[in-house]
Amino acid sequence: MKIAVLRFPGSNADWDALHAARDVLGADAAYVFHKDTHLDGADAVIVPGGYAYGDYLRPGAIARFSPIVPALVAFAEAGGPVLGICNGFQILTELGVLPGALTRNAHLRFECRDIHVRVEARGPFTDVARGTVLRLPVAHADGRYQCAAETLRELEARGQIALRYCGPQGEPAESDPWLDPNGSVGHIAGVYNRAGNVLGLMPHPERAAEAALGNDDGLTLFRSLRRHLGAAS
Amino acid sequence: MTQPFPGDRPVDAALAREFGLSEGEWAHAIDVLGRAPSYTEAGVLSVMWSEHCSYKSSRAHLGRLPTTGPQVVQGPGENAGAVDIGDGFCAVFKMESHNHPSYIEPYQGAATGVGGILRDVFTMGARPVASLNSLRFGRPDHPKTPHLLRGVVSGIGGYGNCIGVPTVGGELSFDPSYDGNILVNAFTVGVAKTDDLFFGRADGVGNPVIYVGARTGRDGIHGATMASAEFGAETESKLPTVQVGDPFMEKLLLEGCLEIFARGCLAGVQDMGAAGLTSSSVEMADRSGNGLELDLDAIPRRARALTPYEMLLSESQERMLMVAKAGREHEVFEVCERWDLDAAIVGRVTDSGRFVCKATPGYDPLAAAPGPRAPVVVVDLPVALLTKEAPKYERPERAATAAHGRTPARDVSGSPVVRAGSAPSGDPTTGLSAALVGMVGSPNLGSRRWVWRQFDHIVQVGTVIRPGDSDAAVIRVFCEEPGAGPAATKVKHLALSVDCNGRHVQLDPYVGAAMAVAECTRNVACAGARPLALTDCLNFGSPEIPETMWRLARAIDGLGAACRALDTPVVSGNVSLYNETDGRPILPTPTVAVVGQLARPDDRLYLAFATEGATIALLGAPGAGKLGGSEYYVQTHGEVGGEPQSLDLDAERALQDAVIALAQAGLLQSAHDVSDGGLAVCLAESCISGGRGARVTLPGLGVEATLAGQLFGEDPSRIVISFAADRREEVARVAKAHGVPLTVLGEVGGDALELRAAGTGEAPVVARVPVATLRDAHARALEPIVGAG
C-alpha cells in the first residue's frame, strides 16, 4: 500500500500524516512536493493540514494553482482514495472536488482541543468506524462548514456526511454549544464527494493514532483505508 | 574614510541624544574614531550600544551565573543554548522578551516575538519542536487589559499555529505594575544532532556573505533602541518601530535553512533580529575575529529609495545572513529556489577587523532606471568598538525596601476573597470555603484554557502531556539520523516549564529569583523529568534607578545560587530593562524556563487525583504558613506585601530528587507542586483535574500560622502527591532515603474538597466545597476579562 502525502510549502501537519501512515499504520508512505507533477503510483493520497501558501487570502485559495494539483484531481476523478485533513479539506473544497466551503469559526478564534464525532457514512476511510463515536483533536481557525440548503439536502440524501460533531456518548451537538467547535451547518465535521472516494474532515485523525499520545481513535480511519485497499488489490 | 550620503542629517550632539547615546558614549566614539561618525555610523553605534544589544548595564553582573556542566553543549553567547539529550543529540533553546512592541501593537508584537525566538533556534541547525510563553498584564479591570490579552494571545497563535510549532504551555498573570508595560516572553526549544550545530560566525576570509529571506522594508527601524527606553506619554507614536510578521515566509526560511545546513556548504549563519543587518553582520564578524564588508546596493528590498541608514537599521522580519564556503554559493541558491526564497550575495568576509558598508548615492534597484553603480563608503567602524569594547556600566546600586517602586494599594473591599472572610466554614458560600472558591476562580489562579485553546499545542504529534494536565508540558521528540531511515530514529521525552512570581521578587529579589528557579525545576520534576538546564529573561525597570539595579544584581545572585544548587546551568537568555511607564517600574520579573528529560515516557506524572481511595500526602516540610507575597495577601490587602518567604536550596534539591525517584519507581498516581495560591489551591486543582473530591487534614504549622496562612501561604519546596494506599510504606521509604519529610494528609474520594484543621481525631471542618463548584469557578476565571464562550 503506497500512500502519497502532499507537501505544500506551508503544510505543517505533513509530518503528522507521514508518521501516522508510515510509522504507525506501516504503509509505504512518502512526501510528494507541491512542485512535482505526478503522484509516483500512489494507491492513496493525503492532503495534510497547515497553511499551504500562507493562506492570508483564504485557506486553500492559492493551493489550487499548485503544479501538483492536476495530478491530484485526476487521481480523485479516477476513484483513488483521497483524505484531506484540515487545510487539506479546505483545499479540496476550493478545488471543487468536495462540496461546500470552510469559513472562519463562529467565535472567530483559533480552536485547538478534543471534540467528538459520530461516524455516519460508508466509504474507504470510514467503513471500519461507521456507527461509532471518535474522540479527535481539532486545530483550526477556519473550520466552519457551510453549504447551500440544497447541497445540504443532497449530502444527507446521498449519505455523503461522513462525520458530525457530537457528545462523548453520541449526544447530538444541539444539546450543548461546546460540542461543535466552529458552528458548522448541520454540525458537519467531514464530507465525502459524490463518488465516495474523497473524504475531507476538519479534525485530525493522524494526531490521535497512537496510545503514546493517549488516544488512538483516529487510527480507525487509516485501518479502514488499509482494508479498502487490501480488498481492492 | 566615509563619505556623506544624500539625505544624511547633520551629525551632532543633539542627534546622538535623539539616538539614545549618552554624552559620554558620543565623546568616546569620536575619541576612538578620531573623527565624528557619519550619520549612518551614528545609527549603527546607537543600536549596537543600546541596552538591548550590548547588555551594557547587566553584563557586569551576568558573569556570576553558572553556565557550565557536563550536560552543556553550548552556553550563552550564541543564538541559543544547547544541552545534551543523549545519542549525539541536543536540545537547543532560548527565551526572549518582546515586551515593548507587544504593548504598542499586541498582535504583531507578540507574533514577531515568536518569530524571532524560532529563528534563534533554527539558526543553530535545530528543528523547533515546542514553544512556551510567559505573559504579564496589568490589573484585570484595566481598560486596556482585554485588548492587550486578546491581541497577544492571538498573535502568538497566529504565528506559531501557522509555522507549525506547537505552543505547549506557559504562564499568565495579572498585576497593576504591568498596567503600562506588559511582558511577553517567548521560549522555543528545538532538537539537533550535536555534531551538526551551526554557529553565528563569519569564518574564512573571502567567503561570500549571503542574504536569504524576506526583502528589507522600513519596518522596525530603531526597534532595539525603543526596547531600551522607558515608556512615556508619546508611546503610541512609536508604532512604526514595531515589525510585522509573516509566518509563511518564516516557514519557507525554516525549511530552506535546514536543507541548506544539511548540505554542509555554510561557514556560519545568523538571523537578523534586533538591529537587523547590522547586529547579525557585526556579531558574526566579532565571534570569528574577522571583518565584514557589505555592498548595500545588493540588499533585496521591498521599499523604494532606501537609504543605507534604513537598510542597516531595519528590523524587517524573516531574514537570515549566511556565510557560505567560497565556491559553494550555488548550493545555497539552489535550495532557495526550491523554497521560493530571495537570496543575494551582499558582501564578503575580510581580515580587516572592521565593519565596512558601501552604497551608491541615488541607486535604487527598484527604480525603472536604477542608475549607474558607484558605491562610496558609508560605514567604516572597528568591529570591536561595536561589541567587546562597547560601553559597559557598573551602575550604582542602593538596597531597596519591599515598598520601593511598589504600586499603591488598591481598595479590595469588593474582592470575593475579602467578602468571604477567613473563618472556617463548611458552607461553600461563606468563610474560608467561599474564599477558596474566590481564589480558584481569580484571574491569576484560574484555568488558562481560553488561552491554550487558541494555540495549536498538538502539531508535530509530539505532545504527550497537554497544557494544564501536569506541572510541565511533556513532549516526545523524534531524533532522526540523517539518511538512516525511520527505523534508526530515536524518540526522547522532554519536560518544559516557564516560571516567575514577581511578587516574591519584589519582597526579596534574591529569594524571589531563587524561588523562580526552584519552582520551575520543581514543575519539571513533578512531571517525572530530571531538569537539565535553564534559560532566563530578566525583565526589570530602569537600570539608572539604583534600587532597580540593586534588585537586578540581587536577583542574578539568587538565580545563580539556585542554578548551582539544582544543577541547572544557564545556557542562554536575555535582559529586558526600562520596563516602566512614567517612572513606575514593573514588578522585578526574572522569568526562567527549564528543559528537563524523562528517563522513560512511563515516568511521566499528571496532577489529577486519579482513583478513589488513593492516599494524599505532602512531600517536603509543611512550611511556616507565611502569606508574604501571596495571591491571598494581594487580594486581601490590595498590594504586594508581607514577610518574604525563605528557601532552603538543599531541601529543594532533595525534594526534587525524591519526586523523580518516586516517579521512576512507578509509585505515584499524581504530583502537583504547591505554588501560587498555596496548599488549598493546589489540592483544588488536583480535584478539578481528576473530577474527584478529597478529604484532607491540614498539616500542623505551629501556633503563629493562621488558618488562611495554612490554606493559602506560598512557602516553597512542597509537593502534593497521591498514591495507592498499599504503596504507602514504599513511598515513605523513598522519601526517607532522600531525607524529605512526608506527611499523609488524607485520601481521594467523594465529590467535594474537604479540609480539616490540624489535630487528632475528628478535627473541625475548615472548608468544604463541591468539586463542581470549584471546577466552574476555575473554568470561568478569565470571563470577566475576555467574556464567555
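All chains are named by letter (A, B, ...) in the order of the sequence lines, taking the proteins before the strands, and each is independently numbered beginning at 1.
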- request: Count the heavy atoms belonging to other residues, nucleotides or ligands that lie under 6.0 Å from CZ of B:R215, then report whether that count exceeds 12.
  value: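 No.
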B:R780, CZ atom: more than 12 neighbouring heavy atoms under 6.0 Å: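 No, the 6.0 Å shell around CZ holds no more than 12 heavy atoms from other groups.
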Residue [X] versus chain B: region with a heavy atom under 4.5 Å:
X      : result
A:E210 : side chain
A:F33  : side chain
A:A17  : neither
A:D16  : both

query: Quick one: do A:K35 and B:E337 make a salt bridge, cutoff under 4.0 Å?
result: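 Result for this pair is no, no salt bridge flagged.
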task: Name the option with the most non-hydrogen atom pairs under 4.5 Å to chain A; the candidates are B:M249, B:R466, B:R476.
output: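 Sorted descending by pairs with chain A, the first entry is B:R476.
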- prompt: What option among B:G157, B:C162, B:G164, B:P601 has the most heavy-atom pairs under 4.5 Å with chain A?
  reply: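 Most heavy-atom pairs under 4.5 Å with chain A: B:C162.
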task: Validate the cation-pi geometry between A:R7 and B:W339: distance from NZ or CZ to the six-membered ring centre under 6.0 Å, angle to the ring axis within 45°.
output: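 Geometry flag: not set, cation outside 6.0 Å or 45°.
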Choice from A:D114, A:D14, A:D55 maximising heavy atom contacts with chain B below 4.5 Å: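 Winner by heavy-atom pair count: A:D114.
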- request: For residues A:A212 and B:V464, report the shortest heavy-atom separation together with the two atoms involved.
  value: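 Here A:A212 and B:V464 meet closest at O-CG1, 3.9 Å.
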query: What heavy-atom pair brings B:V461 and A:R207 nearest, and what distance separates the two atoms?
result: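 The pair with the smallest heavy-atom distance is CG1-CA, 3.6 Å.
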task: Ignoring hydrogens and angles, tell me if any N or O in the side chain of B:K251 forms a donor-acceptor pair with the backbone of A:N12 under 3.5 Å.
output: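 Between the backbone of A:N12 and the side chain of B:K251 there is no qualifying donor-acceptor contact (under 3.5 Å).
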task: Could you walk me through whether B:T463 and A:L213 pass side-chain contact (heavy atoms from CB on, under 4.5 Å), step by step?
output: CA-CA 7 Å; B:T463 311; A:L213 297 176; 5.7 Å; no
Just verifying a value: how many Å separate [X] [atom1] and [Y] [atom2], rounded to the nearest 0.5 Å?
X      : Y      : atom1 : atom2 : value
B:R150 : A:R109 : CZ    : CZ    : 8.5 Å
A:L108 : B:S154 : CG    : OG    : 11.0 Å
B:R453 : A:E111 : CZ    : CD    : 4.0 Å
B:N161 : A:H140 : CG    : NE2   : 11.5 Å
A:Y51  : B:F248 : OH    : CZ    : 13.0 Å
B:F478 : A:W15  : CZ    : CH2   : 5.0 Å

message: Is any side-chain heavy atom of A:H204 closer than 4.5 Å to one of B:V459?
response: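 In short, these two side chains do not touch, never coming nearer than 4.5 Å.
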Is it the backbone or the side chain of [X] that comes under 4.5 Å from a heavy atom of chain A, or both, or neither?
X      : result
B:L252 : side chain
B:I163 : backbone
B:E255 : side chain

- prompt: Does the side chain of B:D246 pick up a donor-acceptor pair with the side chain of A:Y56 at under 3.5 Å?
  reply: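 Their side chains do contain a donor-acceptor pair, which is all the 3.5 Å distance test asks for.
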